[in-house]
Each structure stands twice: as C-alpha cells, then as structure tokens.
Amino acid sequence: MTDAPARSPDADWIDEAGTSTPDWSYETTAVQTGIGRGLGVTIGIPVHHAAAFQFETLEQAQEEFQLNTGLSYARLQNPTVRALEERLTALEGGAATIALSSGQAATLTTIMGVCRAGDHVVSTASLFGGTSGMLNNILPLMGISATLTANTPDAVRAAMQPNTRLVWAETLSNPAGDVPDIAAFADIAHAHGALLGIDNTCAGVGFLCRPLEHGADIVSQSLTKWAGGHGGVLGGSVTVGTQHDLTRNPIYTEGGPNSVLNVRGDAALAWRQRWFGAHQLGMNLAPQNAHQIAQGLETLALRLERESATALALAHWLEAHPGVGRVSYVGLPGHPSHANAQRVLRHGFGAVLTFEVPDPSAFLPRLKVLRIAPNLGDTRTLVVHPWTTTHGRIAEPARHAAGVTPLTIRMSVGLEALADLQADIGQALR
Ligand SMILES: *Cc1c(COP(=O)(O)O)cnc(C)c1O
C-alpha cells in the first residue's frame, strides 16, 4: 500500500496542495503535506473560521449538495480540517481521512461505519478504558454486541460469529503495551467478510506503525495524544485504507443498484464514515483545533523518537530499582508482545509504560517533576493511577485484562532529561 494516492481526488480546491508524494519520508510528509506553494501562499496551514461558503449560482449550489466534494457548510467540509485530513492520510498511507472532535468520536464512527443493530464486534480485551466502556455499555443500547478476547489470533478466531463485521485492536494497547499480530488478525477478519480496525493512538499517527501496510482496513485514533502533542487540544481521526472488501456487509449491499457500494464505489467506506460521524452526528473537529494538531504533527517524529528512547532507558532503570514492583514495557524482552512489537514497530517501542509501587497514594503526591494527569503524548511526563481513574469505571476483571492492578502507575514519558525523571521518581520512592 505504499503506492496509496498522495491525496484524495476531491482535494483540488486546496490551493495547490498537491505537494505530498508517496516517496517522502515520514518527517518530510509531516511538515510539507496540506500546504500550498506559490506567491503569497501561507507557510503552515491557515485557520478558516467559517461555518459556510458562498456560491455564485443556483446550479453550483445544487451540484455541491449532490456531490459533497467541495465547500458549502462546515459540518461537511472546512479547508483547515481538510488540509489536516490530507496530512493524516499521507502519514498513515491511506486513501482518505475523516477528522473528528475526539478519539471517542473516531471510535464510534469507525464502528458505526460497518455495524448496525444485530451486528457484532470482536476486540482484544487489552483496551483503553473509553473503548471498553463503549463496547460494553453504549453499543449494546444500539443492538450491537461485542466479545472481548485475549490478544492472540486463536482467541480472535474463536470469537468470530456469522454477524461479526469488525475486529478491533490497539497497535500498542493503553496502558499494557500489548501489540497484536496485525497481519494474522486481518486474515481472520477478511476470511469472515469482516474488516480489521486498529486504534493507532499510541503508535503516533503512523510513525511507530502503519497498520494499513500490515493488512488493517481502518485506522482510528485520538489526535489528543502525540498528534496534538502538547496537552492543549482534543481531536480524533478515521483513516481508511485503499483496499477493503465490503461485499459481505449488508449495510453496503442492500438496496441493489442504490447500495452504498454501487453509488460510491471504492470510496464507500470513507463516504459512510464521513456521513455518519460528521454530516449526520456533527462530531466535527473545530478549525482552530485542526490547525494546532497539524502543527503538532510537524514535530511528532522528533518527540516520539526521543520519548521512546527515554521510556526504554527508564524501563530498564525501574526494573533494577529495589522499590519498584512489576515493570511493563513492550521494549523489554520479557513483555508478552515483544516479538510482535519487533515485527510491526519502527523507531522505538512508544512512550507509555507501567510499573507497580507499594503505595500509589503515597508515591504520587511526592513527585515534583512528573505530573498527575490523565493524558498521553504530552511534552511533559504524566502519570496516573489507572485503577481509580482511567479504568475506574470498568469491571475489575476487565481492568486486570487491560494490565491494570491496584498498584499500577501508568507513565507517559515526555521530553524532560532522563536524569531529571530518574531523580524525581527516586526521591518519591524513598
Ligand atoms: C485517549 C484515547 C482514546 C480516546 O481519545 P480522546 O481524544 O480522549 O477521546 C482512544 N484510544 C486510545 C488508545 C486512547 O489513548
């Protein structure tokens, strides 16, 4: 899929924005895509604070309302959001992206793009708390059921049902760092006529891993984390790949000549995701937020490479520390997903690790550099006690399945110097 189109076909109205090429490295793509070239064209993606766009004739408006490929109303398209979508598509190596207001909006949109009442999702149990909440509590309200399984191809295969439309996993699960065998999961999903959706949040928008290149069909992610990168903005996105088989999903085939597939062709999946998440439910990303996220993407590679290196050094140091219990980091050879990680990750093993301390409520308030906050991918190192916060609302067995115990501290490593982080953790453990 490296020959994915550098830009989607409907992007012509972005000023000369076709500057992305599939040959560019991640770093070049991150700073160059979505920006025009020419006299007086802005450097960087400008913010279009606009809810509506003008037409000159009745016919222009009528055509736009039929095709929905240009500009009319900002719930359908906004130039700033569209430029960000171009950049995200290029970074993930996909065919099209829909940017949304949060990672949760992206998860819901991904699932509703392929499921309706009576359908079923298979997901690994090692999940972000908000996703397990959605699968266990929200989707059943709409008649969609889910089976949560272990992170192995055999477990996923055993959980498949005739009505399974989507297999779901996180590239690097939050917080346990479990890495799925993406290619094997894709084969299982495809053999059942289902799609594989991957939450790529902790792999940093295609920098550590591009799931579409390993056979996934959809990549969903929170842009709040490494994309925004500075703890300042919420966002999410859904990127669809260039090849996926929807011919066994009745949502796309019912309706005969009017089926979504017949009307939209290869773009059917992306069209339905945009129609559902943005046009109909209005979970749009605001242009100011799109601008901030686009700017965050420009330094993502530098940040996540450094943060991954610091995380690996900290994991080794914590393992050797007498005051620390179990350390879980997928970069350590003892981690159950280490082999999968070596196969699908590049540039490092990510910035999130967990470790156990004897008394979290005594440890956390003693920290002077690390901050207690429930975010990931910030420039600052953040810690939380997942048992009572991020995973506090899900059933205890599900917390254990996600790698969380009452003693677990989750850390998202930032850009501070390794020695300062070690000194701070050391003094807080004493
Ligand atoms: C944070 C997170 C989400 C949800 O994203 P929001 O932007 O907070 O809505 C989804 N998946 C993972 C893995 C996350 O870490």
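We number each residue from 1, following the sequence as shown. If you're wondering where the values come from, they're calculated on a predicted model, not measured in any experiment. In listed order, ligands and their atoms are each counted from 1.
Atom CG of L141 has more than 12 neighbouring heavy atoms from other residues, nucleotides or ligands inside a 6.0 Å radius. A 6.0 Å sphere centred on CZ of R393 holds no more than 12 heavy atoms belonging to other residues, nucleotides or ligands. Taking a 6.0 Å sphere around OH of Y73, one finds it holds 12 or fewer heavy atoms contributed by other residues, nucleotides or ligands.
Contacts of ligand 1 (protein heavy-atom distance under 4.0 Å) are S102, G103, Q104, F128, E170, N174, D199, T201, S222, T224, K225, G235, L376.
Proximity of a side-chain donor or acceptor of N200 to a complementary backbone N or O of C209 within less than 3.5 Å is detected.
Judged purely by distance below 3.5 Å, without hydrogens or angles, the side chains of S308 and H347 never pair a donor atom with an acceptor atom.
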Checklist entry - For Y329 and H316, what are the C-alpha separation, side-chain angles and deciding distance, and is it a ring pair (Phe, Tyr, Trp, His ring centres under 6.0 Å)? => result CA-CA 9 Å; Y329 182 61; H316 283 296; 8.4 Å; no
